[in-house]
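Remarks on the structure that follows.
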Protein chains: 2
Amino acid sequence: MSADDINNFRQIITSNGYRLTRAREATFRLLVSSEPQSVAKILAKAKGTVDRVSVYRNLELFEKLGIVHRVYIGWKHKIELSDDFVKHHHHLSCLGCGKIIDIEDESHIDEFIEHVAARADFAPRRHIFEVDGYCHDCKPTKTTR
Amino acid sequence: MSADDINNFRQIITSNGYRLTRAREATFRLLVSSEPQSVAKILAKAKGTVDRVSVYRNLELFEKLGIVHRVYIGWKHKIELSDDFVKHHHHLSCLGCGKIIDIEDESHIDEFIEHVAARADFAPRRHIFEVDGYCHDCKPTKTTR
DNA sequence: TGTTTATTGCAACAGAATTGCAATATAACG
DNA sequence: CGTTATATTGCAATTCTGTTGCAATAAACA
Ligand SMILES: [Mn+2]
Ligand SMILES: [Mn+2]
Ligand SMILES: [Zn+2]
Ligand SMILES: [Zn+2]
């Protein structure tokens with residue numbers, strides 16, 4: 001989380017006619033970790049600083065303004081900083097240890113989406129793509145012992 | 001929903017040592033519509049016929065037995081008949097009218113997953129892939145008027 | 001038809017998210 | 001600056017979704 005990110009955040013909030021508040025900025029700072037976080041975790045971090053309700057309301061606002069977006073990992077959704085803050089991408093998530101590996105290569109998916117969308121005369125806007133499985137350390141196939 | 005589907009269903013239930021009950025079969029029949037349905041919708045349909053709790057418990061069982069699986073559409077999960085009933089696939093879902101178009105072509109995604117997984121020494125198990133956007137009839141780009 | 005026990009339905013509970021509203025803090029203006 | 005209008009907050013109460021315990025019920029099977 002750079003100073004630039006904070007300025008960028010302030011810019012988005014104010015330029016859209018919303019007020020720059022303590023609760024708002026505190027909530028934004030909780031999203032630092034580049035890894036996607038569950039709402040529960042964010043609420044836990046916010047405890048004592050920002051009220052639950054305000055966290056919910058601001059996450060909703062952030063989503064509307066494109067500051068964050070949801071990703072699905074392990075069949076639960078998590079919140080992740082988006083676009084200007086962290087480039088859109090996908091994940092390999094380990095069912096064993098919970099590790100989350102970023103998938104850098106977006107172009108293949110975009111191509112594929114273009115392909116199927118064209119055939120159905122469909123104009124794509126967003127997509128979800130997440131993979132579950134086992135990481136190097138957790139591969140159950142490995143007969144280490 | 002053919003008679004075969006019902007027989008197939010009964011076969012799966014009994015051969016796994018579970019009992020074929022009124023509530024169980026009624027719940028299965030609620031899944032008829034080949035389109036994925038929200039749990040809320042299924043519960044609404046079940047109202048007065050099968051208790052909420054039994055619906056939950058049986059959907060869980062169906063999932064365990066591979067009779068249904070979850071898909072993510074519009075950032076909410078829905079229940080869809082699976083595998084023997086409907087082959088694994090993905091969707092284009094329209095933000096305008098709610099229409100859901102099946103994506104037949106699974107091989108491209110599988111290839112892509114193999115590719116990224118190999119690079120990370122990751123053993124993939126499941127994946128989510130869903131696209132939102134606008135269908136032919138709802139394309140906002142069209143300047144019809 | 002009787003016995004066994006898996007399954008159901010109900011009620012009570014738990015946790016996540018939402019809503020109403022008065023108190024407060026921000027932004028804008030004189 | 002100090003004042004004002006109102007967006008935003010925090011708290012309480014509520015709703016919603018899913019879960020758990022348990023006695024009544026009904027499948028399965030002899
Ligand atoms: Mn990521
Ligand atoms: Mn489908
Ligand atoms: Zn792992
Ligand atoms: Zn449409």
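The sequence lines fix the lettering, A, B, ..., with proteins before strands; numbering per chain opens at 1. Worth saying up front: this structure is predicted, and the values here are computed from it rather than measured.
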>> With nearest nucleotide decided by heavy atoms, which residue, A/Gly17 or B/Val53, maps closer to the 5′ end of DNA chain D?
In response: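 Nearest nucleotide further toward 5': that of A/Gly17.
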Nearest whole Å is fine: how far is [N] [atom2] from [X] [atom1]?
X: A/Glu63; N: C/dA17; atom1: CD; atom2: P; result: 12 Å
X: B/Tyr56; N: C/dT8; atom1: OH; atom2: P; result: 16 Å
X: B/Ile13; N: C/dT7; atom1: CD1; atom2: C1'; result: 12 Å
X: A/Glu25; N: C/dT26; atom1: CD; atom2: C1'; result: 13 Å
X: A/Asn16; N: D/dA7; atom1: CG; atom2: C1'; result: 15 Å
X: A/Asp51; N: C/dA16; atom1: CG; atom2: C1'; result: 14 Å
X: B/Asn58; N: C/dT7; atom1: CG; atom2: C1'; result: 8 Å
X: A/Lys47; N: D/dC11; atom1: NZ; atom2: P; result: 12 Å

>> I'd like to check B/Leu61 versus B/Lys64 (side-chain heavy atoms, cut-off strictly below 4.5 Å). Are they in contact?
In response: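 Counting from C-beta outward, B/Leu61 and B/Lys64 do come under 4.5 Å.
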So, is [X] near the phosphate of [N], with a side-chain N or O under 4.0 Å from OP1 or OP2?
X: A/Arg22; N: D/dG10; answer: yes
X: B/Thr21; N: D/dA26; answer: no
X: B/Arg24; N: C/dT7; answer: yes

> Under the 3.5 Å rule, do the base of D/dG18 and the side chain of B/Arg57 count as making a donor-acceptor pair?
Replying inline: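 Absent.
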> How far apart are the C-alpha atoms of B/Phe112 and A/Phe129, what are their side-chain angles, what is the distance that settles it, and do they pass the ring pair (Phe, Tyr, Trp, His ring centres under 6.0 Å) test?
Replying inline: CA-CA 11 Å; B/Phe112 178 64; A/Phe129 176 60; 5.8 Å; yes
> What's the closest nucleotide to the B/Arg52 side chain, out of D/dG18, C/dT19, C/dG9?
Replying inline: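 The listed nucleotide nearest to B/Arg52's side chain is D/dG18.
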> Counting only N and O atoms by type, is there a donor-acceptor contact under 3.5 Å from the side chain of A/Asn58 to the main-chain atoms of A/Ser54?
Replying inline: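 Here the side-chain-to-backbone pair exists.
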>> Closest-nucleotide mapping onto DNA chain C: is A/Ala40 or A/Arg19 further toward the 5' terminus? I mean the 5' end.
In response: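 Comparing both residues, the 5'-ward one is A/Ala40.
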>> Checking B/Asn16 against B/Thr14: is there a side-chain donor and acceptor pair closer than 3.5 Å?
In response: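 Side chains of B/Thr14 and B/Asn16: no pair found under 3.5 Å.
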> Are B/Asp132 and A/Arg125 within salt-bridge range, i.e. N to O under 4.0 Å?
Replying inline: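 Result for this pair is no, no salt bridge flagged.
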